[in-house]
Amino acid sequence: MDNDRDIIDINHVVKLAKLDLNKNDSEHFSRELGKILDYIDMLKEADVSKINSVLDELDYDNLVSGAALKTGFYKDCRLDECLPDDSFDFNIVVSNAPNFDTRPFMDTGLKLDSMLSYGFFIVPQVIE
Amino acid sequence: MDLSNLTIHQINDLLKYREVKSVDITNSYIKRIKEVDPVVSAYLYNDFEEALSNAADADKIIQKNKDFPYLTGIPLSIKDIFLIKGKKTTCASKILDNFISPYDSTVIRRLKENNYVFLGKTNMDEFAMGSSTENSAYKITKNPYDLNRVPGGSSGGSAASVSSDLCAGSFGTDTGGSVRQPASLCGVVGLKPTYGLISRYGIIAFSSSLDQAGVIANDVLDAAIMLKAVAGFDEKDQTTRKFEIKDYPEIVKKADKSAMKGLKVGIPVEFFSEGLDPKICSRIMEIKELLKDLGADIVDISLPDTKYSVAAYYVIATSEASSNLERYDGIRFGSRFSKDEGVQTLDELYRKTRELGFGKEVKRRIILGTFALSAGYYDAYYKKASLVRKLIIKNYKDSFNDVDIILGPTSPTPAFLIGEKMSDPLSMYLSDIYTISVNLAYLPALSLPVGVIDNPTKKGGVLPVGLQLISPWATEARLLSVAKIIEDEVKFRQKYSAKI
């Protein structure tokens, strides 16, 4: 194994990815990921000195002002505006959710129809 | 009437001349699926009621109109990665096993506008991560040419369904070769168009700068028909471009071998290196000779930075995947694993849901991607890989100054045995060595079955060999024409079939 090669701190990465590994998985993973990282290491030899990064190619000032939208590169783009039919119906949100509750609002005695589009995704405690 | 082994254009002729109805065609596929799919396992699920209803609607349209869209009444299978309103889409993952989509993907919406017939959703590697369809959380699909071998992946179910005549055509997705490689292993045509030609809206995202919908078909004309039906700018996918969508079917029908005279065909030395099965190499060389005989100029070229393709891909694709798969958290949709697992906090809920909902390969890639994007490693991995990607793009751009089209094998090996590569992820990744650089370069490519080799484990059996054609950015017309000319000379479909 190449000692210059980075070693994945799996415990740190699983925390970032919010992904537990069971015993079955983690046994093999370090070894397999090590092999893959050995392979990916070849990217170190690639000479990219003459390549501009994408950031160098974007015309930021004009892009932000909207002037760029008329130029060749951006002519297929549109302004970042919300379209009216883009949101899901409340019922769709409720039917897809594993655990959703509208009852807390219904018990308050407030006018039901004005409260119908509110509810909670029920989850376990957030703060330890 | 024998309704087996028909292409889309053959079915269209029968429907046009009122010789059969779509309901008859559909019933024929339904019967065959019931007989054959328990063995091949191409489908995750079917909806025969829906299929017959679609077919009846198509028949009404055909009855009332002299002209109707090509795909009217044509039964197709759909990789379980395309969202269909009101239907299950699992992406072959446990984490979506109860997910009913609230909307149609643009591809499906356009197919509906063309009055297609929906037969069912096909099996795939979970979240499109894999080259064999063995990573599905639900079942293993078999290669119709040899049931002990893989159909390829990740669109293995789609390729197997076309190859074993369980549909007239299929839509899949291709991120690193996932339409072309299974098409090659199953002896059918697979096309990945230029990035931005087909909308990704409503396609479950794996790696957004690489993903592209693709078509798997019985022949080049069918591929052209399917492509024309769904291609084109979509407001809902800002990575689609306002390309001119040509009449691909007409262009294919008019393709003539005289067009090969003087056509410059590039053969990259890197596509014929160690690791390529020598028998596959022979088949590809035969095509080279065939093209020479037709008057093409064969040019040796080099794409030196494609040696970094697999490495760059496994940084870029896994990084983008680690971000795209963050949404599977058990909160708003999909599965949630908490009650039986003693989950006490929200953080545990996320971690447990994802531990139990995702398969091994998905977890492997999320971890790799998260690592490549994390503080301290981003520059060395993701940023470096993105710059190497530009080297590869330049290799192709420079080569296309000298040649009109590039060819090589689609896959370094024929279909391998089920289980053969599962213990060595890296060897699985290397099955995509010829297809991956094409996605990195945003180019269009097609896999065409051009011959077979003997099956070493099945007496008298054969395994298909796929030729990959790569053409410059946004030149699907050229790609399809050249493929058609080769197809007419090789006559693969007349000579070979899966016999299942």
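Each chain gets a letter, A, B and so on, in the order its sequence line appears, and its residues count up from 1.
Ranked by heavy-atom pairs shorter than 4.5 Å toward chain B, the options A:V93, A:N22, A:I92, A:D89 are led by A:N22. Counting heavy-atom pairs closer than 4.5 Å to chain B, the top residue among A:V48, A:N99, A:D20, A:N96 is A:D20. With chain A as partner, the option from B:Y103, B:Y308, B:Y350 having the largest number of non-hydrogen pairs under 4.5 angstrom is B:Y308. Comparing A:L19, A:I36, A:V126 by how many heavy-atom pairs each has under 4.5 Å with chain B, the most go to A:L19. Between chain B and the options A:L43, A:I122, A:I127, heavy-atom pairs under 4.5 Å are most frequent for A:L43. No other option in B:I331, B:V310, B:I100, B:D347 has as many heavy-atom pairs under 4.5 Å with chain A as B:I331. Across B:E355, B:K394, B:K352, the residue that shares the most heavy-atom pairs under 4.5 angstrom with chain A is B:E355.
Between B:E348 and B:R351 no salt bridge is recorded (no basic side-chain N to carboxylate O distance below 4.0 Å). Contact check on B:D97 versus B:K94 returns no salt bridge, with no Lys/Arg side-chain nitrogen under 4.0 Å from an Asp/Glu carboxylate oxygen. A salt bridge does not link A:K35 to A:E32: none of the charged side-chain nitrogens sits closer than 4.0 Å to a carboxylate oxygen. In summary, B:R354 and B:D329 do not engage in a salt bridge, as defined by a charged side-chain N under 4.0 Å from a carboxylate O.
Contacts between A:D47 and chain B at a heavy-atom distance below 4.5 Å involve the backbone alone (N, CA, C, O). Contact of B:T345 with chain A is made through backbone and side chain together, with heavy-atom distances under 4.5 Å. Using a 4.5 Å cut-off between heavy atoms, B:L373 does not touch chain A at all. Of the two parts of B:E235, the backbone and the side chain both hold a non-hydrogen atom closer than 4.5 Å to a non-hydrogen atom of chain A. With a 4.5 angstrom heavy-atom cutoff, A:F121 touches chain B only via side-chain atoms. For B:D424, the part sitting under 4.5 Å from any heavy atom of chain A is the side chain, from C-beta outward, and nothing else. Both the backbone and the side chain of B:L391 have a heavy atom closer than 4.5 Å to some heavy atom of chain A.
Ring orientation note: the planes of B:F333 and B:Y328 are nearly perpendicular, at an angle over 60° on the 30°/60° scale. Ring-plane geometry between B:F127 and B:F358 is classed as perpendicular, the angle between the planes exceeding 60 degrees on a 0 to 90 degree scale with a lower cut at 30.
Put simply, the side chain of B:F371 does not reach to within 4.5 Å of the side chain of A:L16, judged on heavy atoms.
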message = Using the rule given for side chain to side chain contact (heavy atoms under 4.5 Å, CB included), can you reason through B:L83 versus B:R109, listing the C-alpha separation, both sets of side-chain angles and the distance that settles it, and then say yes or no?
response = CA-CA 10 Å; B:L83 297 189; B:R109 186 170 46 82; over 6 Å; no
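A:L21 pairs by the side chain to side chain contact (heavy atoms under 4.5 Å, CB included) definition with A:I10, A:V14, A:D25, A:S26, A:F29, B:K363, B:I367, not counting sequence neighbours.
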